[in-house]
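So you know, we letter chains A, B, ... as the sequences are listed, proteins then strands, and number each from 1.
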There are 2 protein chains.
Amino acid sequence: MFNTGNEVEETKAERTRRRVYDAAMTLFREQGFDQTTMRDISQAAGMALGTAYYHFPSKEAIIAAYYEAIQYQHHAYVVDHLPGIKSPQERLRMIFRSKIELLQGDRKLIGVIFRYTGDPLHPLSLLGEGTRDLQQQTVETIGLALRGERFSREVAELLPMALWSLHMGTLLYLLYDTSEQQTRTYALIDQSLALTTQLLGVVRQPLLSPVVLPILRQVSGLLDAAQINLTLPKT
Amino acid sequence: MFNTGNEVEETKAERTRRRVYDAAMTLFREQGFDQTTMRDISQAAGMALGTAYYHFPSKEAIIAAYYEAIQYQHHAYVVDHLPGIKSPQERLRMIFRSKIELLQGDRKLIGVIFRYTGDPLHPLSLLGEGTRDLQQQTVETIGLALRGERFSREVAELLPMALWSLHMGTLLYLLYDTSEQQTRTYALIDQSLALTTQLLGVVRQPLLSPVVLPILRQVSGLLDAAQINLTLPKT
DNA sequence: GTCTATACGTGGATAGAC
DNA sequence: GTCTATCCACGTATAGAC
């Protein structure tokens, strides 16, 4: 709680750790993740190879720290900018777009997230245990857009994961988007959210509920049976 | 066309190539892809390291050959078993399930496909140029289920990619499915296809077209703008 | 063109001395 | 906490046998 003075000692290690991190991020952005070696990083940070490994057990650990930082920054940005916006669609738009803005300069880096998805046991697997917290936080950040909105039970159950999936989809798209300033990614977000709003409108129509409700329930049942919850398939 | 006798010489190299491939696959299945080294493979195949590299430029090239083989086998199986089945849903069921059956023993291997998805330029990226042919063939194999069926223009445009996505989703799910005999994956397929059929039924209802058509068109417009076609985002 | 033997460079990760 | 030295695996020669 208090500053007990041992902060100085802590800071010593933390400062070195940050030197590693900063050097790594600079090189990652310049050359890409794979092209950057731990030797490059330690050299750029002006230390021995072993020192860098002392602070980060692996190159992947540096990327993991980056993802946490991004999520933290994004959440802070969202919390900061949310009050000015009323409509849920506009809120979602702000949330989705700001995430892209945050990542736009790091397109060479974000591909690395997807690399471990096929390996359920890997700590960085997007769908695995290791990233559960980060995933949960992302869902929560997105969920801020819907605060105060009222949905039927069925929709409330499905919407967070649907939006999370959409969010991951936009990140994947960003990777492949070679358009200037990634304008296509922003356009995709806008159109996807317009579609989402349209679908939510349909779902809310009482007249259509004989058609809509069975479908929603079937989706829910499917996800339940597959044990896909917010955190996705269990391992 | 004819067997001109030079088949023997071809066979010599091809047989060695197959020895490499077989040894590699055995080891991949036993130990996993990453745990198997090219030295293991060449040793198991009873040859020098250089020989293995002579036939496959990298370990990944062996996996690439595996994916081609799987797609070929699956297509052959589907063509063989399709005539006995009438309903599109049952056809799709057969197609999706047989793919899982084909891969079931190789769960340690299929994760490798997803590894390069975050790297647009990598030849094995699922969404990249390098796998376009394979992807196209998969779409075609799945499309065999719909032969002779009539859909509206809007649906015909969207369905192949939707089914391809569903197919990739089931593969990803298979990876994470620790249930006995992967029963959950099979259940997921059945339920997803039931849902698909249900949705197609709704879409076909003329009474609902004022609601459904705008949505479909919006989806189409979105995919067009994003330049997502059958082969997915351009690089 | 196919295969062997062997050695080399690089990069991730670790062990152990200080 | 930091450094030096070392390990291990991938991939790449290369020189030569057939």
Tell me the interatomic distance from B:I41, atom CD1, to D:dG11, atom C1', rounded to whole angstroms.
13 Å

What's the CZ-C1' distance between A:R17 and D:dT2, to the nearest Å?
17 Å

Separation of atom CZ in A:R19 from atom P in D:dT2, rounded to whole Å:
7 Å

Expected string for nucleotides 11-18 of chain C under the B/S/- scheme (protein heavy atoms, under 4.0 Å, primed atoms plus P, OP1, OP2 as sugar-phosphate) is BBBB----

Would you call A:Y77 and A:L102 a side-chain contact if the rule is heavy atoms closer than 4.5 Å?
no

Parallel, tilted or perpendicular: which fits the ring planes of B:F96 and B:H167, with parallel below 30° and perpendicular above 60°?
perpendicular

Whole Å only: how far is the NZ atom of B:K12 from the P atom of C:dG1?
12 Å

Whole Å only: how far is the OH atom of B:Y54 from the C1' atom of D:dG11?
18 Å

Would A:Q181 and A:Q104 count as a side chain to side chain contact (heavy atoms under 4.5 Å, CB included) if you check the C-alpha gap in whole Å, the side-chain angles of each, and the deciding distance to 0.1 Å?
CA-CA 8 Å; A:Q181 297 294 318; A:Q104 204 165 0; 3.9 Å; yes

Between atom CZ in B:F56 and atom P in C:dC3, what is the gap in whole Å?
12 Å

The criterion is side chain to side chain contact (heavy atoms under 4.5 Å, CB included); which residues satisfy it with B:F56, sequence neighbours excluded?
B:R17, B:V20, B:Y21, B:A61, B:I62, B:A65

Side-chain contact check for A:A48: nearest option of C:dT4, D:dT2, D:dT4 is D:dT4

Cationic N near anionic O, under 4.0 Å, A:D190 to A:R97:
yes

Ignoring hydrogens and geometry, is there a side-chain-to-backbone donor-acceptor pair from A:T131 to A:L124 under 3.5 Å?
no

Please pick, from C:dT4, D:dT2, D:dG1, the nucleotide with the shortest atom-to-atom distance to any side-chain atom of A:A13.
D:dG1

